[in-house]
Amino acid sequence: MINFLNLEYFLAASEELNFTRAAKRLYISQQSLSNHISNLEKEFGIALFNRTVPLTLTYAGQVLRERAREILDLREETYQEIADIKDFTRGQLTIGMSHTRGRRILPEILPVYQERFPGIELHLKEGNSTELDAELLHGDVDLIIGMLPFRVEDVETVPICEEEILLVVPDSVLERTYPGQTGRLKEQLSEKADLTLVKDCPFLLIKPGNRVRTLSDDMFAEAGISPRITLETENIETVLALALKGMGITFYPKMFMSGQEGWRSQADHLLHAGFYHLDSPKAHGILGIGYHKGHYMSQATREFIRIAKEEVLFQV
């Protein structure tokens with residue numbers, strides 16, 4: 001019968017491909033690690049490592065490495081499922097989302113969730129869309145929140161509310177780029193915000209990998225535009241702040257403006273920037289929750305989704 005500890009130690013060694021580093025990572029002696037590996041090789045009757053420099057896996061070792069991950073993941077999911085069945089008073093939930101969207105969404109959900117389930121330990125992993133998709137795929141988060149569709153396989157999605165990407169255009173940028181045409185362009189943008197109207201303006205964008213950037217690039221391609229990008233950053237609040245100072249135009253989710261109408265009105269009045277509804281289907285989407293269909297869904301995850309739908313659906 002396979003010993004789980006042997007498997008855990010083998011997996012660490014197969015990832016490090018160095019017994020010294022693996023032993024240090026596991027907080028055991030190198031001799032102890034070697035004994036566990038030897039016991040596993042005796043059990044299977046085949047060598048799992050080529051004792052070369054550097055250390056390499058045999059074909060049997062490569063196969064076992066993949067199976068070991070599956071077996072250990074299944075063991076963890078089994079314990080989690082049994083614990084849920086036994087008593088839903090303790091547990092943990094790891095949520096993945098961008099830090100900016102978290103600022104808007106999580107205050108609507110987490111206080112309610114924590115009040116109802118105080119024994120659930122909450123963790124938050126922040127990153128861009130590409131990073132979060134990978135976290136979900138590898139089981140590092142229980143669920144992710146972002147604009148649909150998620151670009152990862154085997155993900156079940158739960159829509160929670162509508163989302164729209166706005167075009168932020170300061171008057172000063174229009175005047176510099178199209179002297180004497182600002183008034184006419186603002187009227188046209190208000191009626192139908194077509195990107196071709198501002199194709200020569202400088203753009204401030206968040207970096208590739210973010211969902212808003214992906215949608216922006218799609219809209220540029222749709223309009224046949226090669227934008228002049230002045231600056232890229234990971235922080236969408238930074239590009240908005242710089243746009244409002246007249247450095248360029250940018251894209252900003254309407255959801256992030258919700259609850260800040262006073263600030264927005266003041267910014268529009270003082271800084272003369274327009275927030276326009278884009279004439280593209282890609283600017284209109286759905287915010288949703290994604291979870292991996294192949295992973296066990298804990299009760300903590302199910303309850304979070306239920307509360308998210310209750311608290312966000314009609315409020316954002």
Side-chain angles (χ1 to χ4, degrees), residues 97-105 126-131 146-147 162-179 181-182 185-285 287 316:
M97 66 190 311
S98 72
H99 75 277
T100 310
R101 199 171 296 282
R103 172 178 61 80
R104 178 63 189 94
I105 293 290
E126 298 173 316
N128 63 38
S129 303
T130 301
E131 293 167 343
M147 286 190 71
E162 294 181 350
E163 175 63 299
E164 180 184 359
I165 305 301
L166 301 174
L167 182 66
V168 185
V169 185
D171 295 357
S172 60
V173 175
L174 287 178
E175 189 58 38
R176 285 199 311 270
T177 310
Y178 307 103
Q181 302 180 55
T182 300
L185 286 170
K186 288 179 66 176
E187 288 181 7
Q188 290 179 301
L189 287 167
S190 295
E191 294 173 4
K192 184 180 179 180
D194 188 330
L195 283 176
T196 58
L197 293 171
V198 292
K199 61 184 177 64
D200 297 322
C201 291
F203 282 84
L204 308 169
L205 302 176
I206 54 176
K207 292 182 178 180
N210 290 278
R211 184 67 175 143
V212 173
R213 175 58 183 274
T214 300
L215 291 170
S216 303
D217 289 343
D218 287 346
M219 287 188 281
F220 287 135
E222 183 180 68
I225 295 173
S226 295
R228 176 161 61 94
I229 302 173
T230 299
L231 180 73
E232 293 179 316
T233 177
E234 286 286 354
N235 193 319
I236 200 167
E237 299 295 349
T238 299
V239 292
L240 176 65
L242 293 175
L244 293 177
K245 287 293 185 179
M247 275 192 64
I249 67 180
T250 192
F251 301 91
Y252 195 71
K254 183 179 179 181
M255 176 183 295
F256 297 172
M257 306 300 298
S258 180
Q260 302 183 45
E261 286 79 5
W263 172 85
R264 176 181 171 181
S265 298
Q266 184 182 23
D268 287 355
H269 175 69
L270 297 177
L271 301 172
H272 305 289
F275 290 76
Y276 301 103
H277 300 280
L278 283 152
D279 181 39
S280 170
K282 296 186 182 297
H284 301 266
L287 186 76
V316 175

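Because only heavy atoms are used, hydrogens play no part in the values below, and waters and symmetry mates are left out as well, while side chains stay in.
- Considering only heavy atoms from C-beta on, Val212 stays 4.5 Å or farther from Ser129 through its side chain.
- Considering only heavy atoms from C-beta on, Leu240 comes within 4.5 Å of Val168 through its side chain.
- Listed here is the closest heavy atom pair of Pro170 and Ala243: CG-O, 2.8 Å.
- Here the closest non-hydrogen pair linking Thr177 and Pro202 is OG1-CD, 3.9 Å.
- Residues Glu163 and Arg101 are paired through a salt bridge, judged by an N-O separation under 4.0 Å between the basic side chain and the carboxylate.
- A search for side chain to side chain donor-acceptor pair (under 3.5 Å) contacts involving Gln188 returns Arg184, not counting sequence neighbours.
- Using a 4.5 Å heavy-atom cutoff, the side chains of Arg211 and Leu215 are in contact.
- The two residues Ala223 and Leu195 come nearest to each other via the heavy atoms CB-CB, 4.3 Å.
- Evaluation of the side chain to side chain contact (heavy atoms under 4.5 Å, CB included) rule for Ala221 yields no partner, not counting sequence neighbours.
- The heavy-atom pair separating Leu242 from Leu231 by the smallest distance is CD1-CD2, 3.2 Å.
- Using a 4.5 Å heavy-atom cutoff, the side chains of Gln181 and Leu174 are not in contact.
- Remark: Asp217 engages Arg213 in a side chain to side chain donor-acceptor pair (under 3.5 Å) (not counting sequence neighbours).
- Contact of the Val239 side chain with the Thr233 side chain is registered, since non-hydrogen atoms from C-beta on lie closer than 4.5 Å.
- Leu287 has its side chain out of reach of Glu162: every pair of non-hydrogen atoms, C-beta onward, lies at least 4.5 Å apart.
- To the nearest 0.5 angstrom, Arg103 atom CZ is 11.5 Å from Met255 atom CE.
- The distance from the CG atom of Leu244 to the CZ atom of Phe275 is 5.0 Å, given to the nearest 0.5 Å.
- Note that the CD atom of Glu175 and the NZ atom of Lys186 stand 10.5 Å from one another [nearest 0.5 Å].
- Evaluation of the salt bridge (charged side-chain N to carboxylate O under 4.0 Å, His left out) test over residues 187-206, restricted to residues two or more places apart or in two chains, returns Lys192-Asp279.
- His277 NE2 to His284 NE2: the interatomic distance, rounded to the nearest 0.5 Å, is 8.0 Å.
- Atom-to-atom distance recorded for Thr250:OG1 and Ile206:CD1 is 7.5 Å, nearest 0.5 angstrom.
- Nearest heavy atom pair, residue Glu222 against residue Ser280, reads OE1-OG, 2.7 Å.
- Two residues are said to be in side-chain contact when any heavy atoms from C-beta on lie closer than 4.5 Å; Pro253 and Thr100 fail this criterion.
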**Leu166 vs Tyr276, side chain to side chain contact (heavy atoms under 4.5 Å, CB included): CA-CA, chis, key distance, verdict** = CA-CA 6 Å; Leu166 301 174; Tyr276 301 103; over 6 Å; no
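- For the side chain to side chain contact (heavy atoms under 4.5 Å, CB included) test, residues two or more places apart in sequence or in another chain that qualify with Thr130 are Asn128.
- Applying the ring pair (Phe, Tyr, Trp, His ring centres under 6.0 Å) rule to pairs touching residues 187-213 yields Phe203-Phe220, sequence neighbours excluded.
- Here the side chains of Val169 and Leu185 are not in contact, with every heavy-atom distance at 4.5 Å or above.
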